[in-house]
2 protein chains.
Amino acid sequence: MRLSTKGRYAVTAMLDLALNGKNGPVTLAEISENQGISLSYLEQLFAALRNKDLVRGVRGPGGGYYLGKSADEISIANIICAVDEWVEFTRCGGRQNCSGGARCLTHTLWDDLSSEIFNFLADISLGDLVRRNLGKKEEEDSPLSVVGDSNSQAA
Amino acid sequence: MRLSTKGRYAVTAMLDLALNGKNGPVTLAEISENQGISLSYLEQLFAALRNKDLVRGVRGPGGGYYLGKSADEISIANIICAVDEWVEFTRCGGRQNCSGGARCLTHTLWDDLSSEIFNFLADISLGDLVRRNLGKKEEEDSPLSVVGDSNSQAA
DNA sequence: CTAAATACCAAGTGATTTACTAGGTAATAC
DNA sequence: GTATTACCTAGTAAATCACTTGGTATTTAG
């Protein structure tokens, strides 16, 4: 699993689309304005998202983008994998002199960890994030946050 | 949370160190040989790890590296944060015209998600991975894997 | 005391990625 | 028909990646 700023841009843009696309398509110009991402960069990201059927574009005036499927069917892992091409880390494709050595021991461990992270992100859907956000908007000061307090201990 | 190949190199190297460092220090030359990582690149990674007290170096013949603390006290998040400098994603540092707009809504959501991923990795220690690996070595074909089958569905 | 082994350090490098700009073409609503 | 939108291609400065080169500092073995 590769998790870079590019993936964050994509997740952020998709979140914006999910939040604002309730009635009618959302233009990339709006997302660009909302999220402060350059229009052309968004076009590149959405080309990748379109290839994976995560979004659907409509041309012409009044056009824009819809989600390609329901927000509940789109996981964060889907989004990140669409724009951040998966790169194979281990050089030994199972074969080679690597098998059996101490080298593949850690490779296997890393692969397991990698799967765990992937599954973690695959379990969170765009719909989850939207509901989470709406809940926050309405309760505002209710201490019932699903995601924990998240006072940026991730720094 | 930034998760790139650089972080994987660091985690892999630390895993190698934890597995082979039971008696006496492990040299970077050994890790380089075991894991197929260039010696000088390892030196750079270990410089960062040393700064965070995750490893301790011993010079001279018979020298090498020890873990800076017990494997149970070192989380995967610790390792990745040591080598992959944390980059702030949102441009609005809380202030600015951003607050209140639809922009910060998704920013907040991303921050929450980011925290979740961080906490997830902060909950896995090097010691966990080592025990996981030893378990696998001894049971080999027992279907009691802690991490699931992980037949690379993360691809 | 000397030589070898190791950590430690600094500079540079080609390849790739990032986020962007520029300059289009294609389809559609009005 | 014209404006608006998606869609496409090429290029680019800056950063990052993984590595090479060429050292210096410290410690052990002999």
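Quantities reported herein were computed from a predicted structural model and do not represent experimental measurements. Chain letters run A, B, ... following the sequence lines, proteins first, then strands; residues in each count from 1.
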Which part of the nucleic acid, if any, lies within contact of A:T27, taking any heavy atom under 4.0 Å across all strands shown: a base, the sugar-phosphate backbone alone, or nothing?
sugar-phosphate
Considering only heavy side-chain atoms of A:S40, the closest of D:dA18, C:dT21, C:dA19 is C:dT21
| message | Side chains of A:D111 and A:S114 only: does a donor on one sit below 3.5 Å from an acceptor on the other? | response | no
Among the nucleotides D:dC17, C:dA19, D:dA6, whichever has the atom closest to the side chain of A:T5 is C:dA19
_Would you say A:D123 and A:N119 are linked by a side-chain donor-acceptor pair, where the criterion is simply a distance under 3.5 Å?_
no
Flag the pair A:D84 and A:R8 as a salt bridge only when some basic side-chain nitrogen lies within less than 4.0 angstrom of an acidic carboxylate oxygen.
no
Quick note, A:L28 side chain, CB onward, closest among D:dC19, C:dC9, D:dA6 is D:dA6
Between A:Q44 and A:R56, the residue closer to the 5' end of DNA chain D by nearest nucleotide is A:R56
- Phosphate contact (C:dC8 OP1 or OP2) by B:R50 side-chain N/O below 4.0 Å: yes
Practice problem: Compare all side-chain heavy atoms of A:S125 with those of A:D72 and state whether any distance is below 4.5 angstrom. | Solution: yes
Which of D:dC19, D:dT4, D:dA6 is nearest the side chain of A:P61? It is D:dT4
- What does A:L39 touch in the nucleic acid at a heavy-atom separation under 4.0 angstrom: a base, only the sugar-phosphate, or nothing? nothing
